[in-house]
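Worksheet: the structure to be examined is printed underneath.
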Amino acid sequence: MEISLKYLPGGRAVASGNVMAQSDLDLKEAVLREDLKFYFMNPCEKYRARHQIPWKLALQILKILMVTTQLIFFGLSNQLVVSFKEENTIAFKHLFLKGYSGVDEDDYSCSIYTQQDAYDSIFYVINQYRQLKNISLGTLGYEHEGSGLKICKQQYKKGTMLTSNDTLNIDVSTETECIFLKPQELAGKNAELKLNSSFFSLEFYRLIQVEISFKLKGIALQTIHARELPDCYAFQNTITFNNRAHSGKIKIYFDSDTDIQECKDWHIFSSVLQKNTQYILVFDGFVILSCFASLILCTRSIVLALRLQKRFVNFFLEKYKRHVCHADRLEFINGWYVLVIISDVMTIIGSILKMEIKAKNLTSYDVCSILLGTSTLFVWVGVIRYLGYFQTYNVLILTMQASLPKVLRFCCCAGMIYLGYTFCGWIVLGPYHEKFEDLNTVAECLFSLVNGDDMFATFAQIQQKSMLVWVFSRLYLYSFISLFIYMILSLFIALITDSYDTIKKYQQSGFPVTDLHEFLKDHGSVHYGKEQTSMPFICCSRRQQSDDNLILIN
């Protein structure tokens, strides 16, 4: 490489090649600094700087309104589905369970205590099923012509039980016998023969359970009043007479699985329903388009940010001969954009499912509600980002960011103690307290105690059949409440309070300066041109601020 020398006054010589290289590096630095400052501006500052219209901001505001409106429409429709299922389940219990009081006993519906009650309850189900169309108030019917009642009894194999000398001789292997009763057979003359067969002669000392299952269908006509097309339902009902404990008490469980199906060959003469369905489908289409546009814009911003990160890392390595720290690299990854992308994807999928449900091609209400509900949650959480542009409202975000690592580490340690109390309470207090019968219930009970809920009831419901267990329960509950409420919960709050105080001090005295901050503050501010006074957004008409107190918005 040839290097030409240029003589300056005073006899000094400068290598023109080095001057050109330094000049290119300075130019690259100025351009990079300008791009970095522009990237970390909020939408209003970007408009003042380069008159770039904040399309993403306007689209996010529009999307919030559209997604929320869509969720409300779907919620009202889903509410009708849930109420129809619940009301039918209650109706089935009153129809098929003899002596049902209207309130379930613990986790089962009702119970019986005599052999005659068992026979009466079984034949009551059969008789009610036979007269269903004459006694039911709902739009219920049998599934099809070949459907019917399936009755199965499970019992131990034949044995003998002599109660006089407390001798039990029984084969513990089980056998299952079933019988199928069609509605046509129950209505015929031969019904009594089947009902009087040996199948219904129960030997209760070896009977384990009797299970009666049948399918019914129904139509939800209440959706017509909400200007929606009706849904058809298939109900798989199962009534179980549980005698596994052989304690003299048979528990009766009623379970109803509801499946929403597409109605076949229905004709509804109403133009209002069809037009309303078309309007909602068009609106859902606009929601999908807006979310797709938001997805493209946010993905584009992330790609440009990664390219800008690469430029900054390469320049820093070229000029200062060292790598950029990990924290500065993460500044380029805008977590809000990632949240928006996830929300957009979920909204698009949920909207497609909602359109199919509205057109009665699908019945996946639960999946659709999870997608739309979660996406709406993310959309509203994303509003905090725009409040974070103002220093007064930015405290929540900064406090959460600063306290999150410490809180997670603290929760891991506290979780070990919590799990220990959970297992201990389950194994010791489970036989004596209904809130400690299984691990899930124990965990929920302890979490309620931490929040001060149901304390007296938890203490009072412990059975005093064993004085040793009663004393242990007092030590267990007092120690848990004292440890978690007075110590662990207080420390948890202290961690967040400490982070909040640190953020407040930083806002007054300045945040810790990193290499990226120093690079952006060097050589003063960069001017982008003459400021215009006519702005389409009110917030964009404010005075342009200096870069001296620049805070990265990511």
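By convention here, the first residue in the shown sequence is residue 1. Basis for what follows: all heavy atoms, side chains included, without hydrogens, waters or symmetry-related copies. Computed from a predicted model, the values in this text were never measured in an experiment.
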**Study point:** Between Gln236 and Asp259, a side-chain donor and acceptor under 3.5 Å
**Key:** no
**Study point:** Leu304 side chain near Leu308 side chain, heavy-atom distance below 4.5 Å
**Key:** no
Review point. Is a side-chain donor or acceptor of Ser499 paired with a backbone partner of Leu495 at a separation under 3.5 angstrom?
Key: yes
**Study point:** Residues that Gln461 engages under side chain to side chain donor-acceptor pair (under 3.5 Å), provided they are two or more places apart
**Key:** none
Point to revise | side-chain contact (heavy atoms from CB on, under 4.5 Å) between Tyr432 and Val428, intermediate numbers included | key: CA-CA 8 Å; Tyr432 302 93; Val428 177; over 6 Å; no
Result block: side-chain N/O donor-acceptor pairs under 3.5 angstrom for residues 467-476, not counting sequence neighbours:
residue : atom : partner : partner atom : Å
Ser473  : OG   : Trp470  : O            : 2.6
Arg474  : NH1  : Phe459  : O            : 3.1
Arg474  : NH2  : Phe459  : O            : 2.8
Tyr476  : OH   : Tyr421  : O            : 2.5

Exercise for review: Output, in order, the C-alpha distance, side-chain angles, deciding distance and verdict of side-chain contact (heavy atoms from CB on, under 4.5 Å) for Lys56 and Tyr337.
Suggested key: CA-CA 10 Å; Lys56 287 195 295 292; Tyr337 288 158; 3.2 Å; yes
**Study point:** Steps toward ring pair (Phe, Tyr, Trp, His ring centres under 6.0 Å) verdict (Phe92, Phe235)
**Key:** CA-CA 10 Å; Phe92 289 150; Phe235 303 98; 5.2 Å; yes
**Study point:** Side chain to side chain, Asn243 and Lys249, heavy atoms closer than 4.5 Å
**Key:** no
Point to revise | Spatial distance of atom CE (Met400) from atom CD1 (Ile503) [nearest 0.5 Å] | key: 12.5 Å
Review point. What are the two closest non-hydrogen atoms of Ser351 and Ile288, and how far apart are they?
Key: CB-CG1, 3.5 Å
Practice item. Starting from the C-alpha separation in whole Å, work towards a yes-or-no answer on side-chain hydrogen bond (donor to acceptor under 3.5 Å, both in side chains) for Ser256 and Asn237. Key: CA-CA 4 Å; Ser256 181; Asn237 299 319; 2.8 Å; yes
**Study point:** Euclidean distance, Leu491 CG relative to Tyr486 OH, rounded to 0.5 Å
**Key:** 15.0 Å
Point to revise | Close side-chain approach of Ser482 and Met487, heavy atoms under 4.5 Å | key: no
Review point. Can you list the residues that meet the side chain to side chain donor-acceptor pair (under 3.5 Å) rule with Lys310, with sequence neighbours excluded?
Key: none
Practice item. With sequence neighbours excluded, tell me which residues meet side chain to side chain donor-acceptor pair (under 3.5 Å) with Glu434. Key: none
Point to revise | Pro405 to Ala402 - nearest heavy-atom pair and separation | key: CD-O, 3.7 Å
Check your understanding: Are Phe480 and Phe484 close enough that their ring centers fall under 6.0 Å?
Key -> yes
**Study point:** Closest contact, heavy atoms only, Tyr100 versus Ser109
**Key:** CE1-O, 3.8 Å
Practice item. Mind listing the closest non-hydrogen atom pair of Lys93 and Phe254 along with its distance? Key: CG-CD2, 3.8 Å
Practice item. Enter the distance from Leu419:CG to Phe423:CZ here, rounded to the nearest 0.5 Å. Key: 6.0 Å
Check your understanding: Would you say the side chain of Ile496 lies within less than 4.5 Å of the side chain of Val407, judging by non-hydrogen atoms?
Key -> yes
Review point. What are the two closest heavy atoms between Leu449 and Asp453, and how far apart are they?
Key: CD2-O, 3.9 Å
Practice item. Would you tell me whether Thr441 and Asp438 have side-chain atoms, one donor and one acceptor, within less than 3.5 Å of each other? Key: yes
Exercise for review: May I ask you to test the Leu306-Ile333 pair for a side-chain heavy-atom distance under 4.5 Å?
Suggested key: yes
Exercise for review: Mark yes or no for whether Ser83, through its side chain, and Gln79, through its backbone, hold a donor-acceptor pair below 3.5 Å.
Suggested key: yes
Check your understanding: Can you name the salt bridge (Lys or Arg N to Asp or Glu O under 4.0 Å) partners of Lys435, sequence neighbours left out?
Key -> Asp454
Review point. Does OH in Tyr108 sit with more than 12 non-hydrogen atoms of other residues, nucleotides or ligands closer than 6.0 Å?
Key: yes
Point to revise | Polar side chain donor-acceptor pair, Thr238 to Asp255, under 3.5 angstrom | key: no
Review point. Would you say Tyr500 has more than 12 foreign heavy atoms packed within less than 6.0 Å of its OH?
Key: no
Practice item. Decide whether Tyr113 and Ser111 meet the rule of one side-chain donor and one side-chain acceptor closer than 3.5 Å. Key: yes
Revision key, fill the gap. Rounded to the nearest 0.5 angstrom, the NZ-CG distance for Lys354 and Leu71 is 9.5 Å
Check your understanding: Quick one: does Thr422's side chain get under 4.5 Å of Trp426's, heavy atoms only?
Key -> no
Review point. How far does CD1 of Ile427 sit from CG of Leu439, to the nearest 0.5 angstrom?
Key: 9.0 Å
Review point. Between Phe73 and Thr68, is any pair of side-chain heavy atoms under 4.5 Å apart?
Key: no
Practice item. Could you tell me whether the side chain of Thr240 and the main chain of Asn242 form a donor-acceptor pair under 3.5 Å? Key: no
Point to revise | Atom pair CZ/OG1 of Phe378 and Thr347 - distance to nearest 0.5 Å | key: 10.0 Å
Exercise for review: May I ask you to check whether over 12 heavy atoms, not counting those of Met455, lie within 6.0 Å of atom CE?
Suggested key: yes
Donor-acceptor list for residues 289-298 side chains, cut-off 3.5 Å, not counting sequence neighbours:
residue : atom : partner : partner atom : Å
Ser290  : OG   : Phe286  : O            : 3.3
Ser290  : OG   : Val287  : O            : 2.8
Ser294  : OG   : Gln60   : NE2          : 2.6
Ser294  : OG   : Asp344  : OD2          : 2.8

**Study point:** Note, Ile341 side chain near Ile302 side chain (heavy atom, < 4.5 Å)
**Key:** yes
Review point. Should the heavy atoms of other residues, nucleotides or ligands under 6.0 Å from OH of Tyr253 be counted, would the total exceed 12?
Key: yes
**Study point:** Main-chain N/O of Leu372 paired to Ser375 side chain as donor or acceptor, under 3.5 Å
**Key:** yes
Review point. Are the side chain of His94 and the backbone N or O of Gly102 linked by a donor-acceptor pair below 3.5 Å?
Key: no
Review point. Is Arg300 atom CZ crowded by more than 12 heavy atoms from other residues, nucleotides or ligands, each under 6.0 Å away?
Key: no
Practice item. Please test Glu211 against Ile239 for side-chain contact (heavy atoms from CB on, under 4.5 Å), starting from the C-alpha separation and ending with a verdict. Key: CA-CA 6 Å; Glu211 183 178 278; Ile239 302 174; over 6 Å; no
Practice item. Take Arg311 and Val31, measure what side-chain contact (heavy atoms from CB on, under 4.5 Å) needs, and give me the verdict at the end. Key: CA-CA 11 Å; Arg311 286 175 55 194; Val31 174; 4.0 Å; yes
Review point. Tyr233 and Phe84: aromatic ring centres closer than 6.0 Å?
Key: yes
